[in-house]
Number of protein chains: 2
Amino acid sequence: MKILIVEDETDLLITISNYLTKENYICELAENFQKAFEKISIYEYDIILLDITLPDGNGIDLLKYIKKKNLKAGIIILSAKSSLDDKITGLDLGADDYITKPFQLSELNSRINAVLRKHHFDGSNVVQFNEIKVDTVSKTIKVNDEEIIVTKKEYDMLLYFILNKNRVLTKEAIAEHLWNDNIDQADNFDFIYTHLNNIRRKIKSKGGTDYIKTIYGMGYKFSDR
Amino acid sequence: MKILIVEDETDLLITISNYLTKENYICELAENFQKAFEKISIYEYDIILLDITLPDGNGIDLLKYIKKKNLKAGIIILSAKSSLDDKITGLDLGADDYITKPFQLSELNSRINAVLRKHHFDGSNVVQFNEIKVDTVSKTIKVNDEEIIVTKKEYDMLLYFILNKNRVLTKEAIAEHLWNDNIDQADNFDFIYTHLNNIRRKIKSKGGTDYIKTIYGMGYKFSDR
DNA sequence: CAAATTCTAAAGTAAATCTAAAGTTGGTTG
DNA sequence: CAACCAACTTTAGATTTACTTTAGAATTTG
């Protein structure tokens with residue numbers, strides 16, 4: 001899961017990023033309006049953490065822009081004061097949750113989980129596709145009710161496939177979602193092959209179907225047919 | 001075990017905290033409604049000691065909030081007078097016990113123990129997982145009926161694992177539960193490794209099984225399988 | 001201040017991730 | 001349709017990251 005953190009206090013920005021990275025999220029950082037705007041225009045995120053007060057603009061405007069562009073990201077507002085006005089404005093404009101600084105990182109984490117559940121997982125903790133079940137709390141995967149032991153990257157990749165079933169995903173899209181932007185974009189993405197192969201092997205080992213169809217020259221499609 | 005003490009008389013607050021810290025509880029303090037509310041929204045506690053009369057609000061409202069959020073903390077009300085009304089209201093709203101000021105600290109301690117026993121330990125003083133027995137009164141641990149000598153941190157950590165068996169606990173979650181909030185969140189939690197290693201070594205020394213499974217990149221899970 | 005506990009740091013080990021290269025398949029073109 | 005190239009698959013192993021273990025420094029406790 002990929003998160004954009006928009007926050008002008010650099011210390012807090014780094015603290016949040018370190019914590020969420022340890023919790024196995026892919027994090028990208030924006031310390032002002034301008035950078036946040038650029039990133040939002042270019043990349044897709046699952047969650048955006050949005051500080052309202054930025055040195056060069058207002059987070060509310062970013063929120064409006066996100067909603068206008070109809071982006072699928074869940075939005076959690078970070079606000080310095082428990083200002084009821086800001087809170088109401090934010091939630092009215094379509095933010096999914098609101099957290100008042102200072103906050104405990106574990107609290108942020110559980111709110112992120114709640115928003116992800118609501119937004120991307122149809123309200124459940126388990127994302128299922130036929131005989132494959134992904135438990136997003138214990139971060140485990142079962143095939144025909146037998147657990148397969150997967151690494152973080154394998155887990156992320158399989159979840160990304162299932163959440164984007166029936167859509168062709170290019171290697172570039174996969175790389176963009178599973179790695180943050182300090183990876184060299186000009187590189188070839190051959191390392192994806194290795195992870196893909198591991199997932200396919202592990203699913204087959206429990207008698208699962210290989211739903212990951214190779215679309216030659218295009219990418220991959222996770223699908224029944 | 002982690003305790004939140006909500007009490008506006010600073011002297012009493014400090015006195016209780018000092019005493020309970022010596023009794024090996026992790027204590028956090030809130031001297032008004034606002035702070036207590038913030039802490040309750042953010043952290044998990046095993047016990048909350050709740051003064052009803054606060055300068056900026058009513059403890060009963062906090063109690064309602066705790067019950068509404070369905071928090072697992074046991075609640076003991078501290079009340080200045082033996083006001084029967086407050087007592088009945090508190091217990092009706094789901095408080096677990098009630099103690100009237102002034103009280104003996106040892107009396108408070110035994111009430112805390114009783115609530116913990118009822119709430120977390122299924123009514124018993126001994127929490128058991130196969131060949132491992134934790135006696136929560138004498139705070140001793142037996143493996144195959146032989147005592148292992150553990151330090152406070154080791155005792156707390158093992159009890160936390162057993163009470164959260166079959167759940168993956170991240171290093172962050174462990175740190176949050178076993179240390180109070182003056183620990184620097186940005187830090188790495190490498191010191192956990194040392195305590196963990198000590199627990200594993202001591203359990204093995206009496207022929208016990210190492211139920212603490214390492215989930216690489218995720219955390220630890222105390223489990224049979 | 002002596003002893004025990006807790007934390008820090010560093011060396012050792014294991015696992016995950018990435019790289020590279022050999023093998024295979026599919027599509028294109030003469 | 002045969003030959004070739006590009007894209008994908010698979011495997012081995014190099015690199016990086018995460019965890020384990022140990023020793024000892026710093027802190028707390030009696």
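Reminder, nothing fancy here: chain letters follow the sequence lines and each chain counts from 1.
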query = Quick check, are the ring centers of Trp179(B) and Phe191(B) under 6.0 angstrom apart?
reply = yes
request  = Can you tell me which residue pairs pass the ring-ring contact (aromatic ring centres under 6.0 Å, His included) test with a partner in residues 104-138 of chain B, sequence neighbours excluded?
outcome  = Phe129(B)-Tyr211(B), Phe129(B)-Phe222(B)
request  = Give a yes/no on whether any side-chain N or O of Lys171(A) is located under 4.0 angstrom from OP1 or OP2 of dA7(D).
outcome  = no
query = Do NZ/NE/NH1/NH2 and the carboxylate oxygens of Lys2(A) and Glu44(A) come within less than 4.0 Å?
reply = no
inquiry  = Going by the rule salt bridge (Lys or Arg N to Asp or Glu O under 4.0 Å), which residues pair with Lys72(B) if we only count those two or more places apart in sequence or in a different chain?
reply    = none
note = Rounded to whole Å, the NZ-P distance (Lys153(B) to dT8(C)) equals 12 Å
message = If you assign Ile149(A) and Ile192(A) each to the DNA chain C nucleotide with the nearest heavy atom, which residue ends up on the more 5' nucleotide?
response = Ile149(A)
inquiry  = Checking side-chain polar atoms at under 3.5 Å, does Arg167(A) have a donor or acceptor matched by the opposite partner on Asn164(A)?
reply    = yes
Taking distance alone, no hydrogens or angles, what donor-acceptor pairs closer than 3.5 Å link side-chain atoms of residues 146-155 of chain B to residues at least two apart or in another chain?
residue: Thr151(B); atom: OG1; partner: Glu154(B); partner atom: N; Å: 3.4
residue: Lys153(B); atom: NZ; partner: Leu178(B); partner atom: O; Å: 3.0
residue: Glu154(B); atom: OE1; partner: Thr151(B); partner atom: N; Å: 3.1
residue: Glu154(B); atom: OE1; partner: Lys202(B); partner atom: NZ; Å: 2.6
residue: Glu154(B); atom: OE2; partner: Asn198(B); partner atom: ND2; Å: 3.4

request  = Would you list the pairs meeting salt bridge (Lys or Arg N to Asp or Glu O under 4.0 Å) in which at least one residue belongs to residues 122-144 of chain A, sequence neighbours left out?
outcome  = Lys133(A)-Asp145(A)
task = Only pairs at least two apart or in different chains count here, so list each salt bridge (Lys or Arg N to Asp or Glu O under 4.0 Å) that has a residue in residues 3-13 of chain A.
result = Glu7(A)-Lys101(A), Glu9(A)-Lys101(A)
request  = Strictly below 4.0 Å, heavy-atom distances to any atom of DNA chain D: list the hits from residues 210-225 of chain A, or just say none.
outcome  = Thr214(A), Tyr216(A), Gly217(A), Tyr220(A)
inquiry  = Could you work out, with salt bridge (Lys or Arg N to Asp or Glu O under 4.0 Å) as the rule, every residue matching Arg201(B), not counting sequence neighbours?
reply    = none
inquiry  = Please tell me whether Lys171(B) and Tyr220(B) have a donor and an acceptor in their side chains that are separated by less than 3.5 angstrom.
reply    = no
query = Can you check the Asn24(B) CG to dT5(C) P distance for me, whole Å?
reply = 11 Å
message = Tell me which residues in residues 157-170 of chain A lie within less than 4.0 Å of DNA chain D, going by non-hydrogen atoms.
response = none
query = Between Trp179(B) and dT6(C), is there a side-chain N or O to OP1/OP2 distance below 4.0 Å?
reply = no
ask   = When every nucleotide of nucleotides 10-15 of chain D is labelled 5' to 3' by its protein contacts under 4.0 Å (heavy atoms), B for base, S for sugar-phosphate only, - for none, what sequence of letters results?
value = BB----
Exercise: do Asp156(B) and Asn24(B) side chains pair donor with acceptor under 3.5 Å = no
request  = Answer yes or no: are there more than 12 heavy-atom neighbours, outside Lys165(B) itself, under 6.0 Å from its atom NZ?
outcome  = no
Which atom pairs link the protein and nucleotides 25-30 of chain D when you take only N or O atoms and keep those under 3.5 Å?
none

request  = With sequence neighbours excluded, tell me which residues meet salt bridge (Lys or Arg N to Asp or Glu O under 4.0 Å) with Glu38(A).
outcome  = none
request  = Would you tell me if any nitrogen or oxygen in the side chain of His195(B) comes within less than 4.0 Å of OP1 or OP2 on dT6(C)?
outcome  = no
ask   = Through what angle, rounded to 10 degrees, does the axis of the helix from dC1(C)-dG30(D) to dG30(C)-dC1(D) turn between its ends, using five pairs per end?
value = 30°
